[in-house]
Amino acid sequence: MQKNKITVVGAGNVGATTAHIAACQRLGDIVLLDIVDGLPQGKALDMACASPIYGTGQHITGTTDWADTADSDVVIKIIITIRGLVSCT
């Protein structure tokens, strides 16, 4: 059975938590995307290191490259500014 590919756009606390919940629920492989280089990669590495605790086998990728999101089955967009939540779709 093929796994779903889930992209979460925005690797801040809300986006990373969303990606973590999706991984814990074994909803599919996760791509965490952000414009800040190093942020999504670090958060994805943290989640991947914790995955044996939860018994998940999902592949978790952190990236700043939209090309890594190709063929995603689901895209969750989390955009937050200093004034608060702008979009969560």
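Computed from a predicted structure; not experimentally measured.
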Are [Y] and [X] co-members of a hydrophobic cluster defined by side-chain heavy atoms under 4.5 Å apart?
X	Y	result
Leu39	Leu33	no
Val14	Val31	no
Ile60	Leu45	no
Val36	Ile78	no

To the nearest 0.5 Å, tell me how far [X] [atom1] sits from [Y] [atom2].
X	Y	atom1	atom2	result
Thr18	Asn13	OG1	CG	10.5 Å
Lys43	Thr17	NZ	OG1	7.5 Å
Ile30	Ser72	CD1	OG	9.5 Å
His59	Ser51	NE2	OG	11.0 Å
Lys5	Asp73	NZ	CG	9.0 Å
Leu32	Thr61	CG	OG1	9.5 Å

Return the set of residues passing side-chain hydrogen bond (donor to acceptor under 3.5 Å, both in side chains) with Asp68 (not counting sequence neighbours), or none when no residue passes. Thr63
Backbone N/O of Gly28 and side chain of Asn4: donor-acceptor pair under 3.5 Å: no
Under the ring pair (Phe, Tyr, Trp, His ring centres under 6.0 Å) rule, what pairs show up with a residue in residues 17-47, not counting sequence neighbours? His20-Tyr54
With Asp29, which residues qualify under salt bridge (Lys or Arg N to Asp or Glu O under 4.0 Å), at least two apart? Lys3
What's the shortest heavy-atom distance between Ala44 and Gly62, and which atoms? CB-N, 3.4 Å
If I compare all heavy atoms of Ala11 with all of Ala16, which pair ends up nearest, and what's the gap? O-CB, 4.1 Å
Using distance alone, with no hydrogens and no angle criterion, decide if Thr69 and Thr7 have a side-chain donor and acceptor under 3.5 Å apart. no
Counting C-beta onward and ignoring hydrogens, is there a side-chain heavy-atom pair between Ile76 and Val9 closer than 4.5 Å? no
